[in-house]
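For reference, the structure is listed below as structure tokens.
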Amino acid sequence: MILSEVFRVALEAIRANKLRSFLTALGIIIGIAAVITMVALGEGAQRMVQERLQGLGVNVLTVRPGQEFFGGVDRGENRLTAKDAHTLAGLQTIQAVSPEVDHRLQIEHREANANLSVSGVWPDYFEIQNSHIVLGRLFTEAEERGRRRVAVLGSDVGNTLRVPTLELLGQKISIRGVPFEVIGVLESKGASGFGNPDQEIYVPLATAQIRLFGEDRIQSIDVQAVSDRHLDAAINEIDTRLRRAHRLRPSQRSDFTIRNQTTLLETFRATTRTFSFLLAGIALVSLLVGGIGIMNIMLVSVTERTREIGVRKALGARKRDILLQFLIEALALCLVGGFLGVVMGVVGALALQRMAGWNTAVSPESIVIAFAFSAAVGIFFGLWPARRAARLDPIESLRYE
């Protein structure tokens, strides 16, 4: 029995039971579609944050308060203040410095109100974060020192207040009951894994600490090194200067941490990769269920076609011909199901991106892996029914009714 004949007979058996073949492959279709969609979600999130961090530049550092321990017990975070940022501002390897403190507060404008994130920063913050003004201006150092009630808005703040953001320029908005004048609107940057800067309101740090938050501590200090080549030198100078300012002995551990964008990106990559593997693993369960369904139907098919198998063997078909025929049937079902699943997965990823606004990215590698896995499922779960068919005794098969 030549190979082309084996293929023809296998495909004819599938076409003879179209509905049953489709229902059999449905588990594979759903499994592959789920794998493609879940991996696309993880890949999209990773690319989005990677682009945002790269837009900041690799020469940006973030100083955060460290954890305080006493007798092995975590006593919470240490404190960083604006004085620490002033201490770093004079270093030769540093180009720009800005402390940052952020809280969600109630925002009001006319009859509309919303709960948005309000950040107190220095003017250098916008240079560090590579934020550009669309209309109006940024606040100045004099306004920061004078605790002026001025605000710069992200591009989407107006949407939550039911008014175009650009129309808020020059108007007053109320932040926690305190009126602020809108002096500028930033260009859109898009959401990221660290929040949505387009829905952020920026005010001078001193104003935020005195009039809004009522505290002098800050959450972080953003530092921009002179260049990539001075990054290590900047880290060493920051560590030395802050340890001296905090009066730490050489034997004491630092009460702050310094992170660069590369470290943040690697951490997020590892987290996203783990999350993607988890989602893909859950989706693979449906593939295994689909494989079991294929094996079950193939066993039923062997039973239904026992007499046909006996006739083929009586006419000269060898065991390997029968084995190959049923294995090709199972493989064809899985490959067709895999193809339809890939199409559904890609369509599902695009639908989530357009309708739900989620960032998705379908990589060619995920398609190849999913398609190869569907073929492996067909071979693995189709082998037992194929071997069972090949081992049937031709005489007993011809007697089967």
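- Side chain of Arg137 to main chain of Gly184: no donor-acceptor pair is present (N/O by atom type, distance under 3.5 Å, no hydrogens or angles).
- Across every non-hydrogen atom of Gly120 and Ala208, the tightest pair is CA-CB, 3.8 Å.
- Between the side chains of Gln95 and Glu127, at least one donor N or O lies within less than 3.5 Å of an accepting N or O.
- A donor atom on one side chain and an acceptor atom on the other are found under 3.5 Å apart for His132 and Asn130.
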Worksheet item: Under the side chain to side chain contact (heavy atoms under 4.5 Å, CB included) criterion, do Val101 and Leu205 qualify, and how do the steps go?
Response: CA-CA 8 Å; Val101 60; Leu205 176 68; 3.5 Å; yes
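- To the nearest 0.5 Å, the span separating CG on Leu340 from CG on Leu26 amounts to 10.0 Å.
- Taking 4.5 Å as the limit, every side-chain heavy atom of Ile133 sits out of range of all side-chain heavy atoms of Val185.
- Looking at Gln219 and Asp102, their side chains never bring a donor and an acceptor atom within 3.5 Å of each other.
- Side-chain N or O atoms of His103 include none that pairs as donor or acceptor with a backbone N or O of Val118 at under 3.5 Å.
- Atom CD1 of Ile258 is separated from atom CD1 of Ile235 by 6.5 Å, given to the nearest 0.5 angstrom.
- The side-chain contact (heavy atoms from CB on, under 4.5 Å) test with Lys172 is passed by exactly one of His109, Arg110, Glu181: Glu181.
- Rounding to the nearest 0.5 Å places CD of Gln209 at 10.5 Å from CG of Leu212.
- Between the side chain of Lys189 and the backbone N or O of Gln129, at least one donor-acceptor pair lies under 3.5 Å.
- Of all non-hydrogen atoms in Gly338 and Ile28, the two that sit nearest each other are N-CG2, 3.8 Å.
- Checking side-chain atoms of Ser98 against main-chain N and O of Trp122 turns up a donor-acceptor pair under 3.5 Å.
- Environment of CD in Gln92: sparse, with no more than 12 heavy atoms of neighbouring residues, nucleotides or ligands closer than 6.0 Å.
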Item to complete: Any chance you could lay out the side chain to side chain contact (heavy atoms under 4.5 Å, CB included) test for Phe380 and Met295, step after step, and finish with the verdict?
Response: CA-CA 9 Å; Phe380 180 79; Met295 182 172 64; over 6 Å; no
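- Atom CD1 in Ile201 sits 8.5 Å away from atom CG in Leu105 (nearest 0.5 Å).
- Summarising the geometry of Thr62 relative to Ser220, their closest heavy-atom pair is CG2-CB, 4.1 Å, with the distance given to 0.1 Å.
- Without hydrogens or angle criteria, Thr240 side chain to Glu237 main chain gives no donor-acceptor distance under 3.5 Å.
- In this structure, the side chains of Val63 and Leu80 come closer than 4.5 Å at one or more pairs of heavy atoms.
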Discussion item. Assess the residue pair Leu88 and Val223 against the criterion (side chain to side chain contact (heavy atoms under 4.5 Å, CB included)); give the C-alpha distance rounded to whole Å, side-chain angles, the decisive distance to 0.1 Å, and a yes or no.
Written reply: CA-CA 8 Å; Leu88 302 179; Val223 180; 4.2 Å; yes
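- The aromatic rings of Tyr202 and Phe126 sit perpendicular to each other, their planes meeting at more than 60°, with 30° as the lower class boundary.
- A donor-acceptor contact shorter than 3.5 Å links the side chain of Glu144 to the backbone of Ala206.
- A 4.5 Å side-chain heavy-atom check between Val342 and Ile367 finds at least one atom pair inside the cut-off.
- Across all their heavy atoms, Val150 and Phe139 have their closest contact at CG2-CB, 3.8 Å.
- Thr140 places none of its side-chain heavy atoms less than 4.5 Å from the side chain of Arg145.
- Under a 4.0 Å N-O distance rule, the pair Arg176/Glu108 does not qualify as a salt bridge.
- Between Asp222 and Glu100 there is a side-chain heavy-atom pair separated by less than 4.5 Å.
- No hydrogens or angles considered: nothing links the side chains of Thr81 and Asp216 as a donor-acceptor pair under 3.5 Å.
- Looking at heavy atoms from C-beta onward, Leu248 lies in side-chain contact with Asp255 at the 4.5 angstrom threshold.
- Atom CG of residue Asp198 and atom CG of residue Leu186 lie 8.5 Å apart, to the nearest 0.5 angstrom.
- Between the side chains of Arg149 and Thr207, no donor N or O sits under 3.5 Å from an acceptor N or O.
- Checked by atom type and distance alone, the side chain of Arg243 pairs as donor or acceptor with a backbone atom of Arg249 at under 3.5 Å.
- For the residue pair Thr37 and Gly345, the shortest heavy atom distance occurs at OG1-O, 3.4 Å.
- Inter-residue side-chain proximity for Leu242 and Asp84 is flagged as met; some heavy-atom pair is nearer than 4.5 Å.
- In this structure, Arg104 places its CZ atom where more than 12 heavy-atom neighbours from other residues, nucleotides or ligands lie under 6.0 Å away.
- For the residue pair Ala233 and Thr93, the shortest heavy atom distance occurs at CB-CG2, 4.0 Å.
- The number of heavy atoms from other shown groups lying within 6.0 Å of CD (Glu141) does not exceed 12.
- Put simply, the side chain of Gln171 gets close to the backbone of Glu167: a donor and an acceptor are under 3.5 Å apart.
- Here the CZ atom belonging to Arg148 is positioned 8.5 Å from the CD1 atom belonging to Ile183, to the nearest 0.5 angstrom.
- Counting only heavy atoms from C-beta outward, the side chains of Val226 and Ile94 never approach each other to under 4.5 Å.
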Discussion item. One pair to check against side chain to side chain contact (heavy atoms under 4.5 Å, CB included): Leu153 and Ile173. What are the steps and the verdict?
Written reply: CA-CA 11 Å; Leu153 308 184; Ile173 61 172; 4.0 Å; yes
